[in-house]
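Heavy atoms only: backbone and side chains are in, while hydrogens, waters and symmetry mates are out. Within every chain, numbering begins at 1; the chains are lettered A, B, ... in the order of the sequence lines, protein sequences first and strands thereafter. What you see is a predicted model; the values in this text were computed from it and never measured.
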Amino acid sequence: MSQSFRLNDVGLINRDKKLSFKFNGVIYYGYEGDTLASALIANGVHLVGRSFKYHRPRGFFGAGVDEPYAIVQLYRNGETEPNVKATEQELFEGLEAKSVNCWPSVNFDIGAINNFLRIFLPAGFYYKTFMWPKSFWYKVYEPFIRKAAGLGTVSIKHDKERYEHKYEYCDLLIAGSGPAGLASAYAAAKNGARVILAEDKARFGGTLLTSDVNIGNQTGKEWGDGIISELKEMPNVTVKNRSQVFGYYDHNMLVMSERISDHLPSTKIFHPKQRLWYIRAKEVLISSGSIERPLVFGNNDTPGVMLSSAAKEYLKVYGVLVGKKPLIFTNNDSGYETAIEFKKNNVDPIILDTRKDPQSEIVDEAKNLGINIKFSYVVVAAQGYKKVKSADIAKISDDKEQLGEIENIICDCICVSGFWTPTIHLASQSGNKTQFKEEIDAFIPGESKQNEKTLGAANGIYTLDETLKSSFEAGNKLSKKITNTENKVSFPNVIEKKSTVHDKFWCVPLPKGKNYKRFLDFQNDVAVSDIEIALREGYRSIEHVKRYTTLGMATDQGKTSNLNGLQLVSKIENKVVPAVGHTTFRPPYTPVSIGAIVGREVGKHSKPTRKSPMHNWHKKNNAVFVDAGVWLRPRYYKQGNETLFEGSKREAKNVRTNVGVCDVTTLGKIDIKGPDAAELLNRVYTNAWLKLPVGKARYGVMLREDGIVMDDGTTTRISENHYHMTTTTAQAANVLSHLEYYLQLVWPDLNVNVVSTTEQWAGAAIAGPKSRDLLQKLFSNSDVSNEGLPFMGYMEGDLFGVRARIFRISFSGELAYELNVESDYGNFMWEKIMEIGEEFKIQPYGTEALSTLRIEMGHVAGSELDGRTIPYDNSLEGLLSKKKDFIGKRSLTREAFTSEDRQKIVGVIPLDKKTSIPEGSHLVKDSNAPLPNPKLGYISASCWSVEYDNPFSLAILKDGKNMIGEKLYVMSPLKNKVIPVEIVSSHYVDPKGERVRS
Amino acid sequence: MCPHCGMRSQNEFSYGGDASVKRPELNKEISNQDWDNFVYNRKSLRGKHWELWQHISGCRQWIKVERDTATHEIFNTLKAYEEIL
């Protein structure tokens, strides 16, 4: 297809470089420097998608970030990305894009039937209709809405692209490189300030690229190019294009997303696709400009209706005509500028001006060029379905209430201008309370909240001369304050055409007998009638109107619709606009990719990985690792083709019959020293600690102040004022903070120091009936007999020249010991244990076997101490001292904690002794009871008992104390399982604890 | 601003609740109401508020911080033992 709407010599594109691209499967051509939008329009394509709710045909409305609906699905380098604005996506060779929100195709879209059903789809339709019956939501309504709505498809593949984060500091951050941004950046840079100038588009200059002005005897563009190239040379200045400052946060921190590779066919090697900048700026200058407001009339969403500023940009920047028979509909002088550009390129526009008799330089110029201008005229409705074919126009009375006779004129596009809305998003995000400026019918920033100042059009200043003057001054003043240097630049002479006041009229009344849709929000399909309904139904607050109608929501955030929505509400409510107020502006200003937000913190980089000193040994010996918090722990050591189930069973069995060794380095270890150490332990643990002798360990449970179990572990008295505390792997950091909290804030009188030594000690547990024999061979100089080292005893030993701590404690229920050596000797210790253990048939065991062993012993762990259970629930009430106070004790007298049928830990065995019980399943009395079936308890942990060779689970069960021997059902709706079970004691193996003492 | 280490990045600190809460003394009778107030009941203030924070990735000291809960502005910081004026 040919580029039949492309001009021959206008624009900033590179006509020497032709690019091919595909849209909805059709191959087109454009030029380097095009956007996808400009290239499509050059080829006469105006139908790009379907609207969100009614599936009406959608074209282009803007030429940049203001675009509400030209959203496509992009295909680039084997990846796909939704929610891409065709007006922002730069063209590259081989680009592919598809329409979204239409099925089966953009030309024939089944959803468009919504357009004819629209009488049934008014504001709040989803809220009203899909609420009942409740059961219909999942099965009928949600899938329907999912299919019908949505702006593209997210790729489910792993994103191969690389995204980076950058932290930057500067004196002045300037957002926007239009005249205000350039002038202030230049003045500040000359004073030696560190400046970052950010521009969201590929080209710098903003409106200077399209407006017919003269600065210092150059065109606006030439002047801007000169400033930019000078700034780029300065070492104190960073100039960034394709960079959107999208969020203004506390303490003058702003976030900017830089699109580094999106405009290229593929990302260069070692380059990121996008970079997210966190910028802390001493001063922020907001020069984000303004966005043209639409005029509202019937069918104003028809493809071919667009902002007059966009039409001008397509023409002047891309050399593209948006139509060959343009109709300009305006209430101010801006529309004339677009008309004049058409005329200069031999296209005859017609101007409809809502004003009766405007007098200005620009209007005179249009008249002198012989442009057909109709004053006091409005567009009543656009005609044409997939593209504007003609317009119904009429004269409007001076009071703007009455329409004259309707005439139909042929046109192929309607360029609208309803005056300008300052882009105040960043200022408002900073906390600035905005104020309404009557002369421009829009909000501008008020008093600065943080160190921010808004310049130029974003501040409601619409003349170039004033914008440049105030921006030079602001840049100079703020930078001088920081650098104490002043190199004043001379102010250039500015020639611009004078314009006159705009007409406050913006919404064309409906002609008698017609009910055209007049859209306010093009992205979310919100029409005038929807706002009227919302107000009739009693929604008054603008925030409620927004949520009920979806006005100004989604990725568009009301860029073009916000003010017209407010004007309508204020008109119906008979209020002034500032009394209605505006909705809150929140970051991000434009959509930001999840990849950019996440940055490099993906996969293995998402969190630190902690490895024990024995990690490499585990790896060499076929360990299958599992994440335990940030630790990597061996889950089991795979032999041959063993499954996890087989391997862990073998390992656990070997502990029960011979001896096993397990890496327990990950356990939290806290060194406690000081004369009041025993007193501290006595307060944080529930049991008594004052009389623990040196060389003995004790098991303890600590609570939170609300009585819930926080953690458990053993603490050993190493010497008179020196203790060694162990915590669970998961709670290590919390327990340390907990101790520090009480020592520093609550009981600063206690003379105790605590420090984490988790990383300083490597730990190995050796467990099993043969563990003492092995220990004796490891420490041949020590007496480790039952008398020499009794249960819960502690001693130091000499492990072939390495000092080791030996604790006789057990987590498996077997005779067991834990050895600690300094981390660097961890691997030495491990290898010695394996070497000498060989004759005792030692095998290493992983976390899965560890769990099996503790579950069948009825030892509680993280799945029982889950932040919801008190000591009684875990059968730990025997550890509650009656004689002393401790953290959380007072809470245990709460009514719910002392009730007779309080939940308690029990054991669960399937009646068939075969079926494994899924963890998390519920226990119920009657498996056939109607839903919701009353839940009596839940399965906290499951294993295959190696002692009895059948499944065994632990459960927290209501009135567990009296339920032993009962027959219940385990139900797992997730796994679709119902298993009849018997409730038994949680101590399944060796209930008297004889083995650990043997 | 850590009173021990000086200006530090916010992500080195961890929040620890209302700084005005005083733990009841050990071994002392206390009514259910007073205990509940200590354990559970907190005012969710909008505006200036004294809070506890711990400089968890730094000196590990618990500190008192006066912060605006609406704007996150920080006005003052104190060491654990310093009294709020």
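- Looking at A:E601 and A:K607, no side-chain N of the basic residue comes within less than 4.0 Å of a carboxylate O on the acidic one, giving no salt bridge.
- A:K889 does not touch chain B: none of its heavy atoms, backbone or side chain, sits under 4.5 Å away.
- With a threshold of 4.5 angstrom between heavy atoms, B:D36 does not approach chain A through any atom at all.
- Both the backbone and the side chain of B:Q61 have a heavy atom closer than 4.5 Å to some heavy atom of chain A.
- Closest heavy-atom contact between B:D18 and B:W50: OD1-O, 3.7 Å.
- Proximity to chain A is limited to the side chain of B:L52, based on heavy atoms less than 4.5 angstrom apart.
- With a 4.5 angstrom heavy-atom cutoff, A:Y742 touches chain B only via side-chain atoms.
- In terms of heavy atoms, A:A281 sits closest to A:L173 at CB-CB, 3.8 Å.
- Contact of B:W35 with chain A is made through the side chain alone, with heavy-atom distances under 4.5 Å.
- Proximity to chain B (any heavy atom under 4.5 Å) is restricted, for A:D250, to the side chain, taken from C-beta onward.
- Within residues 743-756 of chain A, the residues having any heavy atom closer than 4.5 Å to a heavy atom of chain B are A:Q744, A:L745, A:V746, A:W747, listed by residue number.
- In terms of heavy atoms, A:G668 sits closest to A:T758 at CA-OG1, 3.6 Å.
- Judged purely by distance below 3.5 Å, without hydrogens or angles, the side chains of B:T77 and B:E66 never pair a donor atom with an acceptor atom.
- Minimum heavy-atom separation, A:V684 to A:M702: O-CB, 3.2 Å.
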Evaluate the criterion side chain to side chain contact (heavy atoms under 4.5 Å, CB included) for residue pair A:S737 and B:S14; output intermediate values, then yes/no. CA-CA 10 Å; A:S737 268; B:S14 151; over 6 Å; no
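- Looking only at side-chain heavy atoms (C-beta outward), A:R194 and A:E168 come within less than 4.5 Å of each other.
- In terms of non-hydrogen atom pairs under 4.5 Å with chain B, the most contact-rich of A:K884, A:R704, A:R683 is A:R683.
- Of the possible polar contacts, one joining the B:S31 side chain to the B:D34 backbone as a donor-acceptor pair under 3.5 Å is found.
- For the 3.5 Å distance criterion, the side chains of A:E543 and A:T584 qualify, holding a donor opposite an acceptor.
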